[in-house]
Amino acid sequence: MADKIKVFITEQEVNARIAELGAQISKDYEGKEVHLICILRGSVFFMCELAKRITIPVTMDFMSVSSYGNSMISSGIVRISKDLDEPLEGRHVIIVEDIIDSGKTLAHLIPILHTRKPLDIKLCTLLSKPARREVEIQVDYVGYEIPDAFVVGYGLDYAQKYRNLPYIGIVEE
């Protein structure tokens, strides 16, 4: 049986908000360069669109960190399956996430990245679910705060499906 998906945030709304985030990052880092770290796989759609809208110099790298598997609920077990290729020392780093839920993954990852001596680390997420937060995480750039619903699209998946939807949808059970 196919999953029913209801449009929650339209493609136009997502694109407009990403443009606003890109403008804010460009302003905040004026005269500097930022190094974006995409947390694979879900964030790749968001990071590519965000990078196109940042007007200062941008470099990027990719990291795969997971705590979900094929479930709708975080397992709490964080696994790094692909580490960065580039050093972080002396760089302004922005971690780009598709969604911040419990915060456990980032609470594990950020201290590891700080040991690599970046100038600073900021966090940018397309979606944030503060109601699900289990650990305190400072999020510097938020696209949307959303309620506790399971969302897909724009890189977010359910068992590797629906990443390619151009909008954010809610999976209805």
Chemist: Quick check: closest heavy atoms across L127 and T125, and the distance to 0.1 Å?
Modeler: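 So the minimum-distance heavy-atom pair works out to O-OG1, 2.8 Å.
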
Chemist: Could you pull out all residues at least two apart from R133 that satisfy salt bridge (charged side-chain N to carboxylate O under 4.0 Å, His left out)?
Modeler: none

Chemist: Kindly determine whether F45 and I18 satisfy side chain to side chain contact (heavy atoms under 4.5 Å, CB included), including the steps that lead there.
Modeler: CA-CA 11 Å; F45 289 80; I18 293 171; over 6 Å; no

Chemist: To the nearest 0.5 Å, what is the distance between CG (D120) and CZ (R91)?
Modeler: 13.0 Å

Chemist: Any chance you could measure D157, atom CG, to N164, atom CG, to the nearest 0.5 Å?
Modeler: 10.5 Å

Chemist: Enumerate the residue pairs fulfilling salt bridge (charged side-chain N to carboxylate O under 4.0 Å, His left out) with a member in residues 26-44, sequence neighbours excluded, ordered by first and then second residue.
Modeler: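 Non-adjacent pairs meeting salt bridge (charged side-chain N to carboxylate O under 4.0 Å, His left out): zero.
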
Chemist: Go through the steps to decide whether I168 and L126 satisfy the test side chain to side chain contact (heavy atoms under 4.5 Å, CB included), and finish with yes or no.
Modeler: CA-CA 10 Å; I168 306 295; L126 180 58; 4.1 Å; yes

Chemist: Would you mind listing every ring pair (Phe, Tyr, Trp, His ring centres under 6.0 Å) that reaches into residues 114-135, with sequence neighbours excluded?
Modeler: none

Chemist: State, yes or no, whether a side-chain contact exists between I5 and Y158 at a heavy-atom distance under 4.5 Å.
Modeler: no

Chemist: Could you tell me which residues satisfy side-chain hydrogen bond (donor to acceptor under 3.5 Å, both in side chains) with D85, sequence neighbours excluded, listed by chain and number?
Modeler: K82

Chemist: Taking salt bridge (charged side-chain N to carboxylate O under 4.0 Å, His left out) as the test, write out the residues that go with K117, two or more places apart.
Modeler: none

Chemist: Please evaluate residues Y154 and N15 with respect to the criterion side chain to side chain contact (heavy atoms under 4.5 Å, CB included), reporting the C-alpha separation (whole Å), side-chain torsions for both, the decisive distance (0.1 Å), and the verdict.
Modeler: CA-CA 10 Å; Y154 222 92; N15 286 332; 3.1 Å; yes

Chemist: Is there a side-chain contact between L165 and V7, using heavy atoms and a 4.5 Å cut-off?
Modeler: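 Not touching, per the 4.5 Å side-chain cut-off.
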
Chemist: Less than 4.5 Å apart, side chain to side chain, heavy atoms only: is that true for E86 and T59?
Modeler: no

Chemist: I'd like to know if the side chain of R17 and the backbone of V142 have a donor-acceptor N/O pair within less than 3.5 Å.
Modeler: yes

Chemist: Can you sort out the partners of E13 under salt bridge (charged side-chain N to carboxylate O under 4.0 Å, His left out), two or more places apart, ordered by chain and number?
Modeler: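 Partners of E13 under the salt bridge (charged side-chain N to carboxylate O under 4.0 Å, His left out) test: none.
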
Chemist: Can you sort out the partners of P147 under side chain to side chain contact (heavy atoms under 4.5 Å, CB included), two or more places apart, ordered by chain and number?
Modeler: F8

Chemist: CG of L84 to CZ of F62: how many Å apart, nearest 0.5 Å?
Modeler: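 If we round to the nearest 0.5 Å, L84:CG and F62:CZ are 10.5 Å apart.
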
Chemist: Does any non-hydrogen side-chain atom of I39 lie less than 4.5 Å from one of T105?
Modeler: no

Chemist: Taking the side chain from S64 and the backbone from S81, do they hold a donor-acceptor pair closer than 3.5 Å?
Modeler: no

Chemist: Is the closest side-chain heavy-atom distance between L123 and I100 below 4.5 Å?
Modeler: yes

Chemist: So I54 and L36, do their side chains get closer than 4.5 Å, heavy atoms only?
Modeler: yes

Chemist: Is there any salt bridge (charged side-chain N to carboxylate O under 4.0 Å, His left out) pair reaching into residues 48-61, and which pairs are they, with sequence neighbours excluded?
Modeler: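 Non-adjacent pairs meeting salt bridge (charged side-chain N to carboxylate O under 4.0 Å, His left out): E49-K52, E49-R53.
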
Chemist: Which ring pair (Phe, Tyr, Trp, His ring centres under 6.0 Å) pairs, counting each pair once, include a residue from residues 9-35, with sequence neighbours left out?
Modeler: Y29-H92

Chemist: Give the C-alpha distance, both sets of side-chain angles, the deciding distance and a yes or no for side chain to side chain contact (heavy atoms under 4.5 Å, CB included) between I37 and L113.
Modeler: CA-CA 10 Å; I37 296 177; L113 296 181; 4.1 Å; yes

Chemist: In the structure I gave you, are the side-chain heavy atoms of M63 and L109 within less than 4.5 Å of one another anywhere?
Modeler: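 Side chain of M63 against side chain of L109, heavy atoms only: contact under 4.5 Å found.
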
Chemist: Under the rule for side-chain hydrogen bond (donor to acceptor under 3.5 Å, both in side chains), what residues qualify as partners of E134, not counting sequence neighbours?
Modeler: K104

Chemist: Side chains of E97 and S43, heavy atoms from C-beta outward: is any pair under 4.5 Å?
Modeler: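 Yes, close enough: below the 4.5 Å cut-off.
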
Chemist: Mind checking what makes salt bridge (charged side-chain N to carboxylate O under 4.0 Å, His left out) contact with D140, not counting sequence neighbours?
Modeler: none

Chemist: Can you sort out the partners of A107 under side chain to side chain contact (heavy atoms under 4.5 Å, CB included), two or more places apart, ordered by chain and number?
Modeler: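 A107 satisfies side chain to side chain contact (heavy atoms under 4.5 Å, CB included) with V135, I137 once adjacent residues are dropped.
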
